[in-house]
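Below is one structure; the comments refer to it alone.
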Amino acid sequence: MIEKKSCCFVCFFMPERKIMSTVITRFPPSPTGYLHVGGARTALFNWLYARHTQGRFILRIEDTDAARSSQASIDAIFEALEWLGIDWDEGPYFQTQRLEIYREYIGRLLEAGQAYYCTCTPETLAEKRKQALAAGRPVGYDGTCRERCLPPSSDAVVRFKTPAAGTTALMDVVRGRIVFDNAEIGDFVIQRSDGIPTYNFAVVIDDLTMGVNTIIRGDDHVSNTPKQILIYQALGASLPTYGHVPMVLGQDRTRLSKRHGAMSVTAYRDMGYLPEALINYLVRLGWSHGDQEFFSVAELIEKFDLENLGKSAGVFDPEKLLALNFEHIQACDVADLAQRVRPFMVKEGYDVDAGPDLQKIVATLNRRSKTLADMARDAYFYFQETIAYDPAAAKKFLRPVVLDALRMLLGELQQLADFSEPGLEAAFKTVMDATGFKLGKIAQPVRVALTGKTASPGIFEIMDVLGPGRVLPRLARAIAFIENRAAAAGQK
RNA sequence: GGUCCCAUCGUCUAGUGGCCUAGGACGUCGGCCUCUCACGCCGAAAACACGGGUUCGAGUCCCGUUGGGACCA
C-alpha cells in the first residue's frame with residue numbers, strides 16, 4: 001500500500017498552521033556551473049513547500065569537489081536565485097567549512113563499530129569487482145577489511161558497516177515505499193583517504209545537524225537514499241520525509257544539457273522572461289492543481305503541496321513557457337512592465353528618456369509581446385529619429401495614388417487641436433470621406449511612414465503616443481518620398 | 001550487466017473502479033473579428049504502450065512483455 005505524507009495532513013488537521021514541528025527544507029546546489037532550470041525547479045519545490053507550511057528554507061553550497069567548484073558558479077547561483085525571488089532563512093552554508101563536523105561524526109561511527117578503516121587498493125577492488133560480475137554476485141565491497149580493526153593511515157578510507165542481510169526501505173511521498181536489499185548496498189565509503197567525506201555522508205550529516213526534515217530532490221538520488229537512511233539509523237536519528245521528483249528532460253527525452261539550448265535560469269532572464277512565468281512553468285512541470293495552468297507566485301505558495309507531485313519525467317517545452325510568459329506579461333500592470341522592460345530598451349540602444357512616455361509605449365505593445373525583449377525590439381519606431389522604410393513595404397504602400405490623401409491628412413493633422421485617438425480618428429474620417437478611400441487604404445501608408453513596416457500596433461494608438469512632434473515630420477517625409485518616386489518614374 | 005523507478009493526445013497534465021462518448025493547456029489546422037500584425041473568440045484533428053488476469057464493471061488494482069530513465073559499475 002502506498003502511503004503518502006503530505007502537507008494536506010497538516011492543512012487538514014491544523015488549518016491555523018500551528019504546527020508542532022516546523023517544516024525545514026533545503027536546496028543544496030554544487031557550484032560547478034550556472035543554476036539550470038532543473039535545479040531551479042527543485043529549489044522551487046523546497047522553497048514553496050517551506051513557505052506554504054510557514055517553515056524554513058536553507059541554502060547550502062556543496063563545494064567539497066574543489067576541482068569543479070568555483071566562486072563564479074556560486075555567484076551565478078545566487079544571482080539566479082535572487083532573480084527568481086527565492087530567499088532563504090538560513091545559510092548559505094558551505095560544506096568546505098564544515099569538515100570538522102563530518103570528522104566528528106565519522107569518529108562516532110568508528111567508535112561505535114559502525115564504520116571501519118579499509119586499505120584495499122583501487123586495483124584489488126577493481127579486480128574483485130570484475131570477478132563478482134563474472135560470477136553474478138553483487139558488486140559491492142566484499143568486506144576484506146571489515147573485521148581487521150585497522151588503524152587510521154594516510155591511504156585508508158572509512159567504510160560504513162552495512163548490515164549484511166535484511167532490507168532498507170525508503171518511504172517516499174511521491175513514489176511510495178521502495179525497498180532495497182542491504183546485500184546489494186554493501187559497505188560503502190564514507191570518507192576518502194584524503195579525509196574528505198563522500199557525498200552520501202556529508203549530505204546526511206548536514207541535513208541532520210541543520211534540522212532538515214523534508215527533502216525534495218531529483219529522483220537521480222533515489223539509489224543513494226538507502227545508504228543515507230542507513231547512516232541516519234546508525235546515528236540513532238529520525239528520518240526526514242523524502243520526496244523524489246522526476247527529472248526534467250530535453251525535447252529528445254534525454255536528460256537536460258547544454259545541447260538542449262538555453263538551460264540556465266539567467267539565460268531566460270536575459271531573453272526577456274518574467275521570473276514568475278518561469279516559476280509558474282517549472283512548478284507546473286511535475287506538479288498540478290487540477291486543470292489550473294496559470295499561477296501567481298502567491299497562489300503557488302498558497303496551493304503547492306507534496307500530494308500532487310507527479311512521478312513521471314517531463315519534457316521541457318520552450319513553447320509552453322513562452323505562452324505562459326505572454327500570460328504573465330498580460331497580468332502585469334503597465335507601470336510595472338515599464339520598469340521591467342526598460343533595461344531591454346537600453347540594451348536595444350534607445351535613449352528611453354528622450355522618447356515618448358514609457359508607460360504609454362508599453363500600453364501599445366504589451367498585448368502583442370511574448371517577452372520583454374520582443375517588446376523592446378518592437379518599440380524601435382518610438383525612438384528612431386529617422387524611420388528606415390522596409391523596401392517591400394515602401395514599394396507597396398508609399399505610392400502616388402495615396403499622395404493626395406496623405407497631403408490632406410497632413411493638413412488635417414497640422415491643425416488638429418485634439419491629437420488623441422478620437423481626434424485622430426475624426427481627421428482620418430474627413431480624409432476618407434473626401435477621397436472615398438477606406439481606412440485600410442490610408443492607414444497602411446501612414447503606418448509605413450511612421451514605422452517603416454506594414455505591421456504595428458493600432459494606427460491611432462501609435463500616433464497618439466508618438467505625438468504631433470514625431471508624426472508630422474514623418475508624414476511629410478513620406479510624402480516627399482512619394483513625390484520623388486513619382487518624379488523619378490515620370491522621367492523614365 | 002546489477003538494482004531501482006516510470007508509462008494518458010506531439011508536449012505538460014486532469015483522472016485515486018462506474019460521473020470517461022477520457023477533460024484542460026501549449027502547439028498544429030480551419031473559421032470569425034479587423035486599419036496591418038498580433039490579441040481575442042469559435043471549431044477541428046490528436047492519447048489511456050501491449051498482453052493477460054481480478055471485478056458485475058479497469059485509464060484507474062495485480063502480473064508479465066515492451067519501451068524509456070536513474071544509480072552503481
Side-chain angles (χ1 to χ4, degrees), chain A residues 1-2 4 125-126 128-130 132-141 167-168 170 172 174-186 188 199-200 218-227 244-255 280-294 307-327 329-330 364-370 374-375 378 393 396-397 424-425 428 432 437-448 450-451 453-463:
Chain A
M1 192 65 229
I2 292 174
K4 284 192 168 185
L125 257 19
K128 285 179 176 172
R129 192 176 299 120
K130 216 197 278 178
L133 215 51
R137 296 193 307 268
V139 292
Y141 183 60
T167 58
T168 296
L170 156 64
D172 193 289
V174 349
R175 279 145 209 279
R177 188 166 186 263
I178 305 173
V179 182
F180 299 85
D181 258 316
N182 290 339
E184 292 285 346
I185 298 168
F188 54 94
Y199 169 76
N200 284 318
D219 69 5
D220 47 338
H221 288 287
V222 169
S223 343
N224 279 326
T225 311
K227 293 176 183 172
H244 287 93
V245 296
M247 308 258 76
V248 178
L249 273 26
Q251 312 260 239
D252 55 359
R253 300 209 133 269
T254 65
R255 208 175 161 159
N280 187 164
Y281 177 71
L282 254 17
V283 173
R284 255 300 339 238
L285 211 196
W287 175 81
S288 61
H289 186 76
D291 281 339
Q292 189 172 346
E293 301 279 351
F294 182 93
E307 185 85 342
N308 293 298
L309 282 169
K311 40 184 169 181
S312 52
V315 174
F316 185 89
D317 180 6
E319 286 289 342
K320 187 143 182 170
L321 169 58
L322 192 61
L324 220 31
N325 198 51
F326 174 77
E327 287 195 47
I329 284 177
Q330 304 319 307
T364 66
L365 258 17
N366 62 157
R367 303 288 162 208
R368 51 212 303 126
S369 304
K370 294 193 171 188
D374 282 354
M375 200 185 294
D378 293 343
K396 185 169 181 189
F397 294 110
L424 292 163
E425 215 163 333
F428 269 73
M432 284 159 69
F437 286 168
K438 285 184 179 172
L439 178 56
K441 185 87 178 170
I442 306 172
Q444 278 306 79
V446 172
R447 193 183 310 282
V448 176
L450 263 24
T451 72
K453 294 181 182 167
T454 56
S456 84
I459 199 72
F460 303 123
E461 289 180 74
I462 62 174
M463 289 173 80

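Naming convention: chains lettered A, B, ... in sequence-line order (proteins, then strands); numbering from 1 in each chain. Because the structure is predicted, anything quoted here is derived from the model rather than measured.
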According to side chain to side chain contact (heavy atoms under 4.5 Å, CB included), who are the partners of Asn182(A), at least two apart in sequence or on a separate chain? Thr162(A), Pro163(A), Thr168(A), Ile185(A), Leu230(A)
Watson-Crick or G-U wobble partner for U66(B), using a 3.5 Å limit on both distances? A7(B)
Any residue meeting side-chain hydrogen bond (donor to acceptor under 3.5 Å, both in side chains) with Glu425(A), in chain and number order, not counting sequence neighbours: none
Searching all strands shown, indicate the nucleotide that pairs with U21(B) (Watson-Crick or G-U wobble; both distances under 3.5 Å). none
If I take atom CG in residue Leu324(A) and atom C1' in nucleotide C12(B), what distance separates them, rounded to the nearest angstrom? 10 Å
Of all residues at least two apart in sequence or in a different chain, which pass the salt bridge (Lys or Arg N to Asp or Glu O under 4.0 Å) check with Lys320(A)? Glu293(A)
Do His244(A) and Thr225(A) touch side chain to side chain, with heavy atoms closer than 4.5 Å? yes
Counterpart base for C72(B), defined by Watson-Crick or G-U wobble contacts under 3.5 Å: G1(B)
Please enumerate all protein N or O atoms sitting under 3.5 Å from an N or O of nucleotides 65-71 of chain B, with distances to 0.1 Å.
{"residue": "A70(B)", "atom": "O2'", "partner": "Asp220(A)", "partner atom": "O", "Å": "3.4"}
{"residue": "C71(B)", "atom": "OP1", "partner": "Arg255(A)", "partner atom": "NH1", "Å": "3.0"}
{"residue": "C71(B)", "atom": "O4'", "partner": "Ser223(A)", "partner atom": "OG", "Å": "3.4"}

A correct 5'-to-3' footprint of nucleotides 23-30 of chain B, with B, S and - meaning base, sugar-phosphate only and no protein heavy atom under 4.0 Å, is BBBSS---
Please enumerate all residues that pass side chain to side chain contact (heavy atoms under 4.5 Å, CB included) together with Ser369(A), with sequence neighbours excluded. Leu365(A), Asp374(A), Met375(A)
Identity of whatever pairs with A44(B) - Watson-Crick or G-U, under 3.5 angstrom: U28(B)
Could you state the CZ-P distance from Phe180(A) to C72(B), rounded to the nearest angstrom? 13 Å
Beyond-backbone contact of Phe316(A) with Leu321(A), side-chain heavy atoms, under 4.5 angstrom: yes
With rounding to whole Å, what would you report as the distance between G1(B) and U60(B) at their C1' atoms? 35 Å
U3(B) to A49(B) separation - C1' atoms, rounded to the nearest Å: 24 Å
Looking only at atom P, what distance separates G24(B) and C32(B), rounded to whole Å? 24 Å
Per side-chain contact (heavy atoms from CB on, under 4.5 Å), Ser456(A) is matched among Ile462(A), Leu450(A), Thr364(A) by Ile462(A)
Watson-Crick or G-U wobble partner of U54(B), both distances under 3.5 Å: none
For the C1' atoms, the ones on A22(B) and on C5(B), what distance do you get once it is rounded to whole angstrom? 26 Å
Check side chain to side chain contact (heavy atoms under 4.5 Å, CB included) between Tyr199(A) and all other residues, then give those that pass, not counting sequence neighbours. Glu62(A), Val203(A), Arg217(A), His221(A), Asn224(A), Gln228(A)
What integer number of Å spans the C1' atoms of G27(B) and C33(B)? 23 Å
On RNA chain B, nearest-nucleotide positions of Val315(A) versus Asp181(A): which is more 5'? Asp181(A)
What pairs with Asp220(A) under salt bridge (Lys or Arg N to Asp or Glu O under 4.0 Å), at least two apart in sequence or on another chain? Arg255(A)
In whole angstroms, the gap separating P of C39(B) from CG of Asp378(A) amounts to 13 Å
Considering residues at least two apart in sequence or located in another chain, which fulfil the side chain to side chain contact (heavy atoms under 4.5 Å, CB included) criterion with Ser312(A)? none
How far does CZ of Arg175(A) sit from CG of Leu170(A), to the nearest 0.5 angstrom? 9.5 Å
Are any protein N/O atoms closer than 3.5 Å to N/O atoms in nucleotides 31-36 of chain B? If there are, list each pair with its distance.
{"residue": "C35(B)", "atom": "O2", "partner": "Arg447(A)", "partner atom": "NH2", "Å": "2.3"}
{"residue": "C35(B)", "atom": "N3", "partner": "Ile459(A)", "partner atom": "N", "Å": "3.3"}
{"residue": "U36(B)", "atom": "O4'", "partner": "Gln444(A)", "partner atom": "OE1", "Å": "3.1"}
{"residue": "U36(B)", "atom": "O2'", "partner": "Thr454(A)", "partner atom": "O", "Å": "2.8"}
{"residue": "U36(B)", "atom": "N1", "partner": "Arg447(A)", "partner atom": "NH2", "Å": "3.3"}
{"residue": "U36(B)", "atom": "O2", "partner": "Thr454(A)", "partner atom": "O", "Å": "3.3"}
{"residue": "U36(B)", "atom": "O2", "partner": "Ser456(A)", "partner atom": "N", "Å": "2.7"}
{"residue": "U36(B)", "atom": "O2", "partner": "Ser456(A)", "partner atom": "O", "Å": "3.1"}
{"residue": "U36(B)", "atom": "N3", "partner": "Arg447(A)", "partner atom": "NH1", "Å": "3.1"}
{"residue": "U36(B)", "atom": "N3", "partner": "Ser456(A)", "partner atom": "O", "Å": "2.6"}
{"residue": "U36(B)", "atom": "O4", "partner": "Gly458(A)", "partner atom": "N", "Å": "3.3"}

I want to check something: taking the side chain as every heavy atom from C-beta on, are Met463(A) and Phe428(A) in contact at a cut-off of under 4.5 Å? yes
Any side-chain heavy atom of Arg367(A) sitting closer than 4.5 Å to one from Pro457(A)? no
Would you mind classifying the nucleic acid contact of Tyr281(A) as base, sugar-phosphate or nothing, using non-hydrogen atoms under 4.0 angstrom? nothing
What is the separation between atom CD1 on Ile185(A) and atom P on A73(B), rounded to the nearest whole Å? 14 Å
Atom CG of Leu309(A) to atom P of U13(B): distance rounded to whole Å? 11 Å
Nearest-angstrom distance, C1' atom, G30(B) to U21(B): 24 Å
Let me know the distance between CD of Gln330(A) and P of G40(B), rounded to the nearest Å. 8 Å
Counting only Watson-Crick or G-U wobble pairs whose two distances fall under 3.5 Å, which nucleotide matches C33(B)? none
Contacts of Arg447(A) meeting salt bridge (Lys or Arg N to Asp or Glu O under 4.0 Å) (sequence neighbours excluded), chain-then-number -> none
What distance do Gln292(A) atom CD and Arg284(A) atom CZ have between them, rounded to the nearest 0.5 Å? 9.0 Å
Please report the distance, rounded to the nearest Å, between CG in Asn308(A) and P in G15(B). 7 Å
Could you give the distance separating U55(B) and G18(B) at their C1' atoms, to the nearest angstrom? 12 Å
Is there side-chain contact between Met432(A) and Leu439(A), with at least one heavy-atom pair below 4.5 Å? yes
Polar pairs (N or O, both sides) under 3.5 Å between protein and nucleotides 43-51 of chain B?
none

With syn meaning chi within 90° of zero and anything else anti, the base of C39(B) is syn
Distance, rounded to the nearest Å, where Leu170(A) contributes CG and U3(B) contributes C1': 14 Å
With both distances under 3.5 angstrom, what nucleotide forms a Watson-Crick or G-U wobble pair with A14(B)? none
Between A14(B) and C20(B), how far apart are the two C1' atoms, rounded to whole Å? 12 Å
Regarding the side chain of Ser288(A), the nearest nucleotide among C6(B), U13(B), C12(B) is U13(B)
